[in-house]
2 protein chains.
Amino acid sequence: MTVTIYDVAREANVSMATVSRVVNGNQNVKPSTRKKVLEVIERLEYRPNAVARGLASKKTTTVGVIIPDISNSIYAEAARGIEDIATMYNYNIILANSDQNEEKEITLLDTMLGKQVDGIVMMSDAVTDKLHHLMKHAPVPIVLAGSVDESNDVPSVNIDYFQASYEAIQLLISNGHKRIAFLSGPLAYTINSKYKLAAYKKALQDANIEIDEQLIISEESSYDSGIEAWETLSTLDNPPTAFFAGSDELAIGIIHGAQDHGKNVPDDIEVISFENSKLARMVRPRLTSVAFPLYDIGAVAMRLLTKIMNKENIEEKVVILPHRIESRQSVKG
Amino acid sequence: MTVTIYDVAREANVSMATVSRVVNGNQNVKPSTRKKVLEVIERLEYRPNAVARGLASKKTTTVGVIIPDISNSIYAEAARGIEDIATMYNYNIILANSDQNEEKEITLLDTMLGKQVDGIVMMSDAVTDKLHHLMKHAPVPIVLAGSVDESNDVPSVNIDYFQASYEAIQLLISNGHKRIAFLSGPLAYTINSKYKLAAYKKALQDANIEIDEQLIISEESSYDSGIEAWETLSTLDNPPTAFFAGSDELAIGIIHGAQDHGKNVPDDIEVISFENSKLARMVRPRLTSVAFPLYDIGAVAMRLLTKIMNKENIEEKVVILPHRIESRQSVKG
DNA sequence: GTGAAAGCGCTAACAG
DNA sequence: CTGTTAGCGCTTTCAC
């Protein structure tokens, strides 16, 4: 029924070993027999069975990708970076959503390992001990993308979240603000608590600005949360005049909340976000934002993974990409 | 090194067949031996090798997903729908981007078939004859999601693009507009030319409004194209007063183009889009839009695929999901 | 430069 | 209820 390597061997009057050689580009084949085999392959429409190949060679040329949610542009962007590089190196990708649920993450790791992927790229906002342990003991390499593992002993690629956030807050401070609100997704996520929030506090302290817990809001990282946050913050006795938002959606929510109440951005309030997705240009005023290079992070993570899978020497398992602040109109100057 | 079914068979003093049975949940195993086997599996940390299983059973429980670009929210949304249902039915997904390039699409189909996927969900804005032929002759079922194949003989799930577009144009007409612009992505894409544009022309004709080719713009479906389109259209002698935009980004581009030039939406111009992504709520004015239920399309397509893979009886291979118009503020009334 | 043969780890009859 | 035995389609020594 389906044509196998054996069929083409028979038709070409050679052994399966020879067919295998030409299929795999092995040079030890006389040009004339290679040609003959190729013809038969074409004629029979032979397509190598990657599963059989995988079983025999113990390599599947597919890598697993576990991300929180592909419908979230942040992760979709990273996924594209991962896939592009994977394709470049001839790997395919098994993609799965974890919804940032540890149990799912563990199950997914398990089923991917069962499928004999050659490696895994993972994005997780909270690398728990259990996860960390699994990653350390997995039979194939795993690299984290845009996700921090505090022990720093698993390969990963990120930007310097603390420094980037610090700079963002500083920008607001340098514009004269004393009442700066901090808005982020769940503090259960390492990046939010250990980096963004920590940087916020540090920057304020360094500028001798008192930290007001009322100005710190941790919610879902969505547009609606941004609107809500504005509602609650704007009714404070001493409301904030500037906002640091952990994502573009959050920032847009704040801006719209303010605008819907007649405020002007950036004249009345200023806001800086942390993401710089294409959304940032699609609002008025356009968002000033810390650029979080998700595509690059995905691409570099995948590239790193290929190196590890090839057992190449890695200079540095923990890579930190450069960041920058994209100045637009939601912050003055 | 890695523990196999044979190892657990030996340790549990049973045959591999029995281990296979318990692993696969076959009921023909005495509870006591099942328990024994399960213990050994746990102790040895045995993990079934899906590749070997796939080779032996000719089923991989993975399906291929070919989409134009995962970093585009349209497709990402659909991908999420596909993946959710795939997970529900215990399938994994091999995801790849085609960039809407026929050659890549063909290559991807080939490598996925080589990897022995059990089925494929494909999104393609232009199902060429070649593609159609490949799909018809593939060894596993393929279903199209949000993509039309005009011959209608390959399984697919869509909405009624013509009718939906017609209604959108009608809404604009009923608001008194005579100069209505049509904006879409490439007319090389079936949906744009054969449905959206066709509906536009029909609706205008039915209302005895003359069709002005100057008002028809087909460009990339991006925010910037929307802005550009506004620039060129607004300088016409008799500029349009209403716009039908093929996507949310296009619509937002038009709106911002207009607003940046002091126009008010919807007082000066009205615009309706075709998509209704979450972006629609994240602009001012909020977008009135034809709802294109991408998640559902993906989910239903995947569900359909599972049915075909299971050789269940399918009522209708070509499914049309209902659509609706979400009224917000970019169109009056 | 080419072939023979032994698996890779598992499923699936077929016996018993 | 359980074991035996063939493969699944290909890669990979090891000979020749």
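Proteins get letters first, then strands, A, B, ... in listed order; numbering begins at 1 in each.
- Close to dG9(D), at under 4.0 Å from its OP1 or OP2, lies a side-chain N or O of Thr2(A).
- Between Ile5(B) atom CD1 and dT4(D) atom P there is a gap of 14 Å when expressed in whole angstrom units.
- Here Asn49(B) lies in heavy-atom contact (under 4.0 Å) with sugar-phosphate atoms only.
- Asn26(A) has its CG atom 17 Å from the P atom of dC10(D), to the nearest Å.
- Side-chain contact between Met122(A) and Ser156(A): absent, with no pair of heavy atoms (C-beta onward) separated by less than 4.5 Å.
- One atom, CG of Asp7(A), and another, P of dG9(D), lie 9 Å apart when rounded to the nearest Å.
- Rounded to whole angstrom, the span from the CZ atom of Arg21(B) across to the P atom of dG3(D) amounts to 8 Å.
- An OP1 or OP2 oxygen of dG3(C) is reached within less than 4.0 angstrom by a side-chain nitrogen or oxygen of Thr18(A).
- Between Lys30(B) and Lys58(B), the residue anchored closer to the 5' end of DNA chain D is Lys30(B), taking for each the nucleotide with the nearest heavy atom.
- Val23(B) comes within contact range of no nucleotide atom at all, as no heavy-atom separation falls under 4.0 Å.
- Note: CE (Met16(A)) to P (dG1(C)) measures 21 Å, nearest angstrom.
- For the OP1/OP2 pair of dT11(D) and a distance below 4.0 Å, the side-chain nitrogens and oxygens of Ser20(A) include at least one atom meeting the criterion.
- For Asn49(A) (side chain) and Val51(A) (main-chain N/O), a donor-acceptor pair under 3.5 Å exists by modelled atom type.
- Distance Leu55(A) CG to dG9(C) P: 7 Å, rounded to the nearest Å.
- Ion pairing between a basic and an acidic side chain is recognised when a charged N comes within 4.0 Å of a carboxylate O; Lys194(A) and Glu150(A) show such pairing.
- Rounded to whole Å, the distance from CG on Asn28(B) to C1' on dT11(C) is 15 Å.
- Comparing Arg34(B) and Asn24(A) along DNA chain D, the residue whose closest nucleotide (by nearest heavy atom) sits nearer the 5' end is Arg34(B).
- Taking only side-chain nitrogens and oxygens, Tyr46(B) comes nearer than 4.0 Å to OP1 or OP2 of dC10(C).
- A sub-4.0 Å separation between OP1 or OP2 of dG9(C) and a side-chain N or O of Thr4(B) is absent.
- Of the charged side-chain nitrogens involved, at least one lies within less than 4.0 Å of a carboxylate oxygen, so that Asp99(B) and Arg80(A) count as a salt-bridged pair.
- As a whole-Å value, the separation of Arg53(B) CZ from dG9(C) C1' is 11 Å.
- For Asn158(A) (side chain) and Ser147(A) (main-chain N/O), a donor-acceptor pair under 3.5 Å exists by modelled atom type.
- The residue Ser57(B) sits close only to the backbone: its heavy atoms come under 4.0 Å of sugar-phosphate atoms, none of a base.
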